[in-house]
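Side chains included, hydrogens not; waters and symmetry mates left out as well; all remaining heavy atoms used.
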Amino acid sequence: MTQALAERETGSRSVGQEYVTFSLNNEEYAFDALNVREIIEFGNVTKVPHLPDFFKGVINLRGTIVPVVDLKQKFGMESGNYQRHTCVIVTEFSKGVMGVIVDAVSDVMYLPDESISSTPSFGTKIRTDFIKGMGKVGDRLVLILDIDKVLTEEEASIIGEQLAVDTARQEGGLS
């Protein structure tokens with residue numbers, strides 16, 4: 001009997017949640033699906049001066065200014081070579097809305113809690129707080145990211161302050 005059939009017959013389902021999976025340099029990552037607002041084609045990004053290199057700029061998404069981060073560059077991977085499947089995952093996080101550039105979105109998948117392992121410790125010098133866990137899908141591992149911790153507090157504040165200034169300018173509040 002399949003798991004889905006057993007769940008239908010017993011009315012039970014193991015506890016877990018849905019994740020949006022995506023790739024960065026042929027590695028698989030995921031965000032909690034509840035944090036994903038939408039997925040859009042990578043297009044025109046307006047540069048904003050004086051921000052970290054991984055911050056690519058902003059997009060206007062139906063009247064909302066959305067900061068865009070190149071996740072590969074943020075993670076120290078080789079980046080800038082955007083392909084046909086490159087897209088932006090628009091996410092909601094504690095400081096607002098942020099677009100994240102990824103190589104391609106793979107799937108939306110349900111992962112039961114028992115298939116998720118905690119993040120291994122790599123010592124105190126390596127930052128891993130942005131990794132919620134590691135999902136086991138068959139013989140593959142999917143790194144599950146915590147969208148609220150992808151940016152440091154300082155980086156999120158810098159972006160928030162810059163967006164406030166840009167929004168005020170756009171609304172005619174500053175010259």
Side-chain angles (χ1 to χ4, degrees), residues 16-48 51-113 115-117 119 127-138 140-164 166-167 170:
Q17 59 193 62
E18 288 189 324
Y19 295 91
V20 174
T21 61
F22 57 92
S23 61
L24 298 173
N25 288 349
N26 298 316
E27 296 294 328
E28 203 167 7
Y29 295 83
F31 285 133
D32 183 334
L34 294 174
N35 293 110
V36 175
R37 183 183 275 187
E38 63 186 287
I39 299 162
I40 60 174
E41 184 178 336
F42 179 72
N44 294 335
V45 176
T46 303
K47 294 269 188 208
V48 178
L51 290 177
D53 290 340
F54 64 84
F55 177 73
K56 292 302 172 193
V58 295
I59 57 173
N60 182 346
L61 187 63
R62 293 181 297 284
T64 301
I65 304 295
V66 177
V68 178
V69 169
D70 185 322
L71 202 53
K72 288 196 299 188
Q73 198 168 6
K74 170 67 178 135
F75 289 166
M77 300 175 181
E78 186 176 323
S79 184
N81 190 14
Y82 304 125
Q83 302 295 320
R84 185 170 58 100
H85 296 293
T86 300
C87 57
V88 176
I89 301 175
V90 180
T91 63
E92 294 178 357
F93 74 121
S94 60
K95 304 286 186 191
V97 178
M98 171 176 61
V100 179
I101 301 170
V102 300
D103 289 339
V105 171
S106 311
D107 201 0
V108 175
M109 69 172 56
Y110 174 83
L111 287 175
D113 287 347
S115 72
I116 299 173
S117 301
T119 307
R127 183 176 168 248
T128 59
D129 62 320
F130 59 90
I131 302 174
K132 262 189 189 177
M134 302 181 85
K136 291 176 252 171
V137 181
R140 315 185 323 261
L141 284 178
V142 177
L143 270 75
I144 300 170
L145 304 178
D146 183 339
I147 191 62
D148 283 324
K149 295 181 180 173
V150 167
L151 298 179
T152 65
E153 279 292 321
E154 182 180 4
E155 292 165 346
S157 293
I158 290 169
I159 289 172
E161 288 169 15
Q162 184 63 47
L163 285 177
D166 291 344
T167 302
Q170 186 178 34

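Under a 3.5 Å cut-off, the side chain of Tyr29 and the backbone N or O of Leu145 do not form any donor-acceptor pair. With hydrogens and angles disregarded, no donor-acceptor distance shorter than 3.5 Å links the side chain of Thr21 to the backbone of Ala30.
The shortest heavy-atom contact between Val20 and Ile39 is CG1-CD1, 4.2 Å. When all heavy atoms are compared, the tightest approach of Ile59 to Val45 is CG2-CG2, 3.9 Å. Across Met98 and Val66, no two heavy atoms sit closer than the pair C-CG1, 3.9 Å. Ala156 and Phe93 get closest at one heavy-atom pair: CB-CE1, 4.3 Å. In terms of heavy-atom proximity, Phe54 sits nearest to Leu151 at CE1-CD2, 3.6 Å. The two atoms that bring Val137 and Met109 nearest to each other are CG2-SD, 3.7 Å, heavy atoms only.
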Notebook entry, point to check: Step by step, would you call Ile101 with Gln73 a side-chain contact (heavy atoms from CB on, under 4.5 Å)?
Noted result: CA-CA 10 Å; Ile101 301 170; Gln73 198 168 6; over 6 Å; no

Margin query: One pair to check against side-chain contact (heavy atoms from CB on, under 4.5 Å): Lys136 and Leu141. What are the steps and the verdict?
Written below: CA-CA 5 Å; Lys136 291 176 252 171; Leu141 284 178; 3.6 Å; yes

Margin query: Using side-chain contact (heavy atoms from CB on, under 4.5 Å), reason through Cys87 and Val102 one step at a time and then give a plain yes or no.
Written below: CA-CA 6 Å; Cys87 57; Val102 300; 3.8 Å; yes

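Taking a cutoff of 4.0 Å between a charged side-chain nitrogen and a carboxylate oxygen, Lys95 and Glu153 qualify as a salt bridge.
The structure places CE of Met134 at 11.5 Å from CD1 of Ile116, a figure rounded to the nearest 0.5 Å. Note that the CD atom of Glu28 and the CG atom of Asn26 stand 10.5 Å from one another [nearest 0.5 Å]. Once rounded to the nearest 0.5 Å, the distance linking CD of Glu18 with CG of Leu111 reads 9.5 Å. Taken from OH in Tyr19 to CG in Asn35, the straight-line distance is 10.0 Å, to the nearest 0.5 Å. Annotation: the span from Ile40 atom CD1 to Leu61 atom CG amounts to 5.5 Å, rounded to 0.5 Å. Put simply, NZ on Lys74 and CD on Glu155 are 3.5 Å apart, with the number rounded to the nearest 0.5 Å.
A donor atom on one side chain and an acceptor atom on the other are found under 3.5 Å apart for Ser94 and Asp148. Between the side chains of Tyr82 and Asp70, at least one donor N or O sits under 3.5 Å from an acceptor N or O. With 3.5 Å as the limit, one finds a donor-acceptor pair spanning the side chains of Asp32 and Gln17.
Within a 6.0 Å radius of CG in Asn25, other residues, nucleotides and ligands contribute more than 12 heavy atoms. Counted within 6.0 Å of CD on Glu41, heavy atoms from surrounding residues, nucleotides or ligands total 12 or fewer; the atom is thus considered open.
Using bins of under 30°, 30° to 60° and over 60° for the plane-to-plane angle, the ring pair Phe130/Phe75 lands in the parallel bin.
Looking at Val105 and Phe31, their side chains never come closer than 4.5 Å, going by heavy atoms from C-beta outward.
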